[in-house]
Protein chains: 2
Amino acid sequence: MKKVSLKDIATAAGVSTALVSYVLTNKEKEARIGEEMAKKIREIARQLNYQPNHIARSLKSGRSFTIGLVMADISNAFFANIARTIEDEAKRNNYTVIFGSSDENVDKSQDLINVLLNRQVDGLIITPTEGSEKQIAWLQEQHVPFVLIDRFFPGINANHIAVNNFESAYQAVTHLVKAGRKRIGMIAYETTLHHIAERKRGYLEAMRDHRMPDAEKRLKTARYSHLKTDIRTAIDQLCTGPDRADAIFFATNSLAIEGLKYINELRIRVPDILAIIAFDEGEAFDLFYSPVTYIQQPILQMGKEAVRVLLEQIKDQQKTVENIFIDTTLVVRQSCGSKR
Amino acid sequence: MKKVSLKDIATAAGVSTALVSYVLTNKEKEARIGEEMAKKIREIARQLNYQPNHIARSLKSGRSFTIGLVMADISNAFFANIARTIEDEAKRNNYTVIFGSSDENVDKSQDLINVLLNRQVDGLIITPTEGSEKQIAWLQEQHVPFVLIDRFFPGINANHIAVNNFESAYQAVTHLVKAGRKRIGMIAYETTLHHIAERKRGYLEAMRDHRMPDAEKRLKTARYSHLKTDIRTAIDQLCTGPDRADAIFFATNSLAIEGLKYINELRIRVPDILAIIAFDEGEAFDLFYSPVTYIQQPILQMGKEAVRVLLEQIKDQQKTVENIFIDTTLVVRQSCGSKR
DNA sequence: CTTGCAAACTTAAACGTTTAAGCATATTTT
DNA sequence: AAAATATGCTTAAACGTTTAAGTTTGCAAG
């Protein structure tokens, strides 16, 4: 199938391609096209089923109407949902999304950014991985429009959309305290990423404010690369001994899922023996025999805001940086109900 | 940041852009470029950090090295994982993926296909929605390279990657029979899509071959648009009365998740009272108190094959159609263990 | 000392658009 | 009636590549 171009229409109509272009981009007024001719051209275009060549248009305009999306892990429901809302929102603005998953790997992230920039995306939406500060700083130096989502670096003054991680964690721990839990533990990732640090800080401050001892001791971490084993170790440590934990706050959904699997194996009853709160949502939390209380992130809003900020930045490179923080909602369910 | 182009390099080196192009695309031999000049050009390109403009290249070559991905529902873990493997595999072949979610909606699907073709993708990978036969047939008429994945239309002779739905369902039901279940029900989608029909047929034939009565009566369907209520009705019907079901086979993961939520609410004990088998996998199945036996689809292989077939088709438009069927694996766990 | 040819490069067209500038012809204004 | 303006269209250049065809120079063969 040979694609039909402006030239084909022009030939069929016996006019120049310029004329056809003006008509089909609705510039008849400015270009003073005759009404009849416009009608004729439109009709021919319809008959030939003309579809504009986006690539040619991009080359001319220097804009691709494409945004690049670098997700940390597309197989994680949280990121998959963000990706979906971003794609939706982008389409609503006549933008198209090219995506890739960095799998929390710095090199893969750099690679992806390169590929996307090569493809002349007009901007990027990124969940930065640990250690990617330099990449992000470089983007800024190059004046590439971009927005960070879910995470950001305090030292880099760039657009970002994030939730109030400190407050969310503080609120979650407070909820556990109010529910009568005395020995609250937390499992987080071992990472320098700021959003996780904030969640930890929220936990620690809440513990201190409510005069709960041994918070530091009960704050465990797991390596992303050794998730399964590290979580098992952490839970073993938390859930044994005379003063074993009566509640665990998981810093992310992936940690919670892996943790709950093990808690199931150990047959530790939730919430009788152990209360659970997790960050993010997930079908798995609903299906747990004691539906899991979780911190709900406003995914839809995050995705929309990310696209909005990015497109504004693309339109106006001088635009001031936006740092958006959105509140989460604590969805209370059975998993932190009363002890037996 | 002004992007550097071939012309910039050419000016810096005092040569024509053609020469630069030959060198940077490694055509020195054919174009008989002087060794020293080649070295010099490469050095300048490096210094200026030249990045080829993919769009210009695409316009010239008529190929975008981009494939379009139309997923039925990216928020479903099964499709998200397929998307991820496709993206990975595409990147390995220097292709980039533009994706969109049709949300099982024919119009959205058509819309997406149009957008993607407009963007001059070299080919498409599609999970077709119900009622999209005409769209697919049209693609074929237009000789657009494409591959259907997960689903296909028997009346359309197009590339497709699918699993052996009939055999998989047959095997699952047989497993339930061997486990001593007598009144096996199935919950599927109410759809004309062939892959679901095959799963139903697998159920019905297995029931007949094992002389299980009332198969038709125990085959319930739910509408995608009224998932929650329809599933509740179906389960209510299946799980009441004197000859109530002692096993349910769910035709997809979304059905299973919704169903299990309700089964949880009803406090029907699994597997004591009711055995469960589901199609697809999911974290939720692991986390259910009685880990769910499921039919595992070879996602990685499906994604890889889809990309392979598509790229071959793109390279050789005359290539014969490939219909690939892959076997599934029944992963047996607690949920269809012994009755009490 | 032509001729032939290889080596090292340049020219120019093309891909499909967009858009400023140009050029007739017709109509209005002075 | 000449000048100004409006109308309807065309020309041509540009975006950044690729690549077939052409040009120039040097050098060996006849």
Side-chain angles (χ1 to χ4, degrees), chain A residues 1-42 44-45 48-66 94 117-122, chain B residues 1-42 44-45 48-66 94 117-122:
Chain A
M1 169 197 55
K2 278 250 57 349
K3 286 271 168 111
V4 327
S5 69
L6 288 186
K7 198 187 279 179
D8 298 321
I9 300 178
T11 309
V15 297
S16 71
T17 62
L19 198 49
V20 180
S21 173
Y22 285 126
V23 171
L24 297 183
T25 51
N26 299 310
K27 302 218 173 56
E28 321 168 49
K29 296 280 146 56
E30 304 93 299
R32 305 167 312 211
I33 315 291
E35 244 185 86
E36 287 187 30
M37 183 53 88
K39 199 172 284 177
K40 180 179 173 188
I41 287 173
R42 259 187 254 276
I44 294 177
L48 298 183
N49 186 30
Y50 169 73
Q51 300 294 122
N53 184 322
H54 214 282
I55 289 186
R57 205 172 256 181
S58 291
L59 180 58
K60 191 77 228 299
S61 67
R63 291 180 55 183
S64 64
F65 289 91
T66 302
N94 288 314
L117 290 181
N118 249 261
R119 296 269 168 167
Q120 330 295 130
V121 296
D122 293 338
Chain B
M1 168 198 55
K2 277 250 66 338
K3 287 272 167 109
V4 326
S5 69
L6 288 186
K7 198 186 282 180
D8 299 320
I9 301 179
T11 310
V15 296
S16 71
T17 63
L19 197 50
V20 181
S21 173
Y22 284 126
V23 171
L24 296 182
T25 51
N26 299 311
K27 301 221 172 56
E28 321 168 50
K29 294 281 146 58
E30 303 95 299
R32 304 165 311 210
I33 315 291
E35 246 184 85
E36 288 187 30
M37 185 52 92
K39 198 172 286 178
K40 180 178 173 190
I41 286 172
R42 259 187 256 279
I44 294 178
L48 298 183
N49 186 31
Y50 169 73
Q51 299 294 121
N53 183 322
H54 214 282
I55 289 185
R57 204 172 257 183
S58 291
L59 181 59
K60 191 77 229 300
S61 67
R63 290 180 56 185
S64 63
F65 290 91
T66 301
N94 289 313
L117 290 181
N118 249 262
R119 296 266 168 168
Q120 329 297 127
V121 297
D122 292 340

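Computed from a predicted model, the values in this text were never measured in an experiment. Naming: A, B, ... by sequence-line order, numbering from 1 per chain.
Looking at heavy-atom distances under 4.0 Å, A:S58 makes no contact with the nucleic acid at all. If you check every strand for non-hydrogen atoms under 4.0 Å, A:S5 touches sugar and phosphate atoms only. As judged by a 4.0 angstrom heavy-atom cut-off over every strand, B:S61 is placed among residues making no nucleic acid contact.
Contact footprint of chain A on DNA chain D: nucleotides with an atom under 4.0 Å from a non-hydrogen protein atom, first to last in 5' to 3' order, D:dT7 to D:dG16.
Nearest-nucleotide assignment on DNA chain C puts the 5′-proximal partner with A:V4, out of A:Y22 and A:V4. The nearest heavy atom of DNA chain C to A:K7 and to A:T25 marks one nucleotide each, and the one closer to the 5' end goes with A:K7.
For residues 51-64 of chain A, no pair satisfies salt bridge (Lys or Arg N to Asp or Glu O under 4.0 Å), with sequence neighbours left out. Every pair passing salt bridge (Lys or Arg N to Asp or Glu O under 4.0 Å) that includes a residue from residues 15-28 of chain A is listed here, sequence neighbours excluded: A:E28-A:R42.
The CZ atom of A:F65 sits 8.0 Å away from atom CG of A:N94, with the distance rounded to the nearest 0.5 Å. Here A:S58 contributes atom OG and B:R119 contributes atom CZ; the two are 6.5 Å apart, rounded to the nearest 0.5 Å.
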Below 3.5 Å, can you tabulate the donor-acceptor pairs from side chains in residues 13-21 of chain A to any protein atom, sequence neighbours excluded?
from, atom 1, to, atom 2, distance (Å)
A:S16, OG, A:L19, N, 3.4

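For A:E30, the CD atom counts as densely surrounded, since its 6.0 Å shell holds more than 12 non-hydrogen atoms of other residues, nucleotides or ligands.
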Show the distances under 3.5 angstrom between N or O atoms of the protein and N or O atoms of nucleotides 23-25 of chain C.
none

Review point. Checking side chain to side chain contact (heavy atoms under 4.5 Å, CB included) for the pair A:L6/A:Y50: CA distance, chi angles, key distance, verdict?
Key: CA-CA 8 Å; A:L6 288 186; A:Y50 169 73; 3.5 Å; yes
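For the pair B:I33 and B:I41, the minimum side-chain heavy-atom distance is 4.5 Å or more. Looking at A:L24 and A:P52, their side chains never come closer than 4.5 Å, going by heavy atoms from C-beta outward. Taking the side chain as every heavy atom from C-beta outward, B:Q51 and B:K3 never approach each other to under 4.5 Å. Contact annotation: the side chain of B:Q120 approaches that of A:N53 to within less than 4.5 Å [non-hydrogen atoms, C-beta and beyond].
Summary of helix geometry: the two end axes of the helix from C:dC1-D:dG30 to C:dT30-D:dA1, each defined by five base pairs via their C1' atoms, are inclined to each other by 70° (rounded to 10°).
Remark: P of C:dA7 and NZ of B:K27 are 20 Å apart, rounded to the nearest angstrom.
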